Amino acid sequence: MSNTNHTVSSVTEFIIIGFPGLQDQGNKTILFSVFLVAYLIIVLGNLLIIFIFVYDESLHTPMYILICNLAVLDICLTTITLPKMLALFLFNSSLISFNACFTQMFFFLGLGVAESFLLTVMAYDRYLAICKPLHYHDLMTNSLAIRHVMWCWVGGFLAIIIPLILALRLPFCGPDKILHCFCDHSSVLRLACANVVINSILGLTIALSVVLISLLLILLSYMMIIKSVLVISTSEGRTKAFSTCTSHLLVISVFFLTAAGVYISYRIPGTSEDLRIMAAVFQNVFPPLMNPIIYCLRTKEIRDSFVKILMKRRVLA
């Protein structure tokens, strides 16, 4: 029977393998423990940020509107993948239905692109605040920040519609084992019983365009910020500003460069599957884990607001 005679319905569910080289229960228990702790920290840390933002009206400014939405994206992005990964490591729950797999892929890709756009907007917001302080409140209002956020979400899901539709149209007739911890686009394409060159080129083009253009705009914004920081008269001010910029750029670089590396690695023969999967999972977990720290817990306004809320709760009690 030729491949063209198969339909998508030939495969009704997939088997998620996880890390091919870490299949013994001991390694799975360690992975479960590490990712469970990471997931709890991500959810609790970002929920704390959202709570502080909602509770304290003084933080209802463009910068914190963007940070609050980053927290929402981080929770959503990790919740799409990590609970299924935890079930895989602890209970060997490797089966996922065809529809659930593509649903996971849709939200993972869409939310990932949306976060790329949002990080770009956040860098632009910081550029305006530092480099054009006198015009900042005219150039960035709350309503404009909300519109930017909406376009990030809409643009993120629109960007991946065509690759997803093309993937859904492919025939899947077996094998049905996904060499990944979740339904990654490139990993699922490798299971199709058809030529996927067009799908692969289109997916890579969109991914690298989003990653490289966003990263370029972010780096440009921070270069202008650093240029402005250099004229700060005090060394203490320069040190504090550079420390903030460095931590921001570190997490942003991990998010973008790791994503680009994972996509490119599929086109390099002989790349370790475990290394590729670990890089993809790291890119999915590390930024959401660090964002609450670098964007909020190191921010004086957030710390002061948190202390004020605690003191108010204690007085009311």
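Residue indices begin at 1 and follow the sequence shown. Given the structure is predicted, the values throughout are model-derived calculations rather than measurements.
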### Task
Kindly state whether the ring of Phe157 and the ring of Phe106 have centres lying under 6.0 angstrom apart.
yes
#### Entry: Aromatic ring proximity Phe53/His60, centre distance under 6.0 Å
yes
Ignoring hydrogens and angles, tell me if any N or O in the side chain of [X] forms a donor-acceptor pair with the backbone of [Y] under 3.5 Å.
X      : Y      : result
Ser214 : Val211 : no
His185 : Gly203 : no
Asp125 : Val121 : no
Glu273 : Pro20  : no

Indicate the atoms forming the closest heavy-atom contact of [X] with [Y], along with that distance.
X      : Y      : result
Leu88  : Ile16  : CD1-O, 3.5 Å
Thr120 : Ile218 : CA-CG1, 3.7 Å
Gly155 : Val113 : O-CG1, 4.5 Å

### Query
Taking C-beta and beyond as the side chain, do Leu158 and Val154 meet within less than 4.5 Å on heavy atoms?
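Side-chain contact under 4.5 Å: yes.
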### Query
Using 30° and 60° as the class limits, which term best fits the ring planes of Phe89 and Phe19: parallel, tilted or perpendicular?
parallel
### Message
Tell me which pairs pass side-chain hydrogen bond (donor to acceptor under 3.5 Å, both in side chains) where either residue lies in residues 33-51, with sequence neighbours left out.
### Response
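Residue pairs passing side-chain hydrogen bond (donor to acceptor under 3.5 Å, both in side chains), neighbours aside: Tyr39-Thr79.
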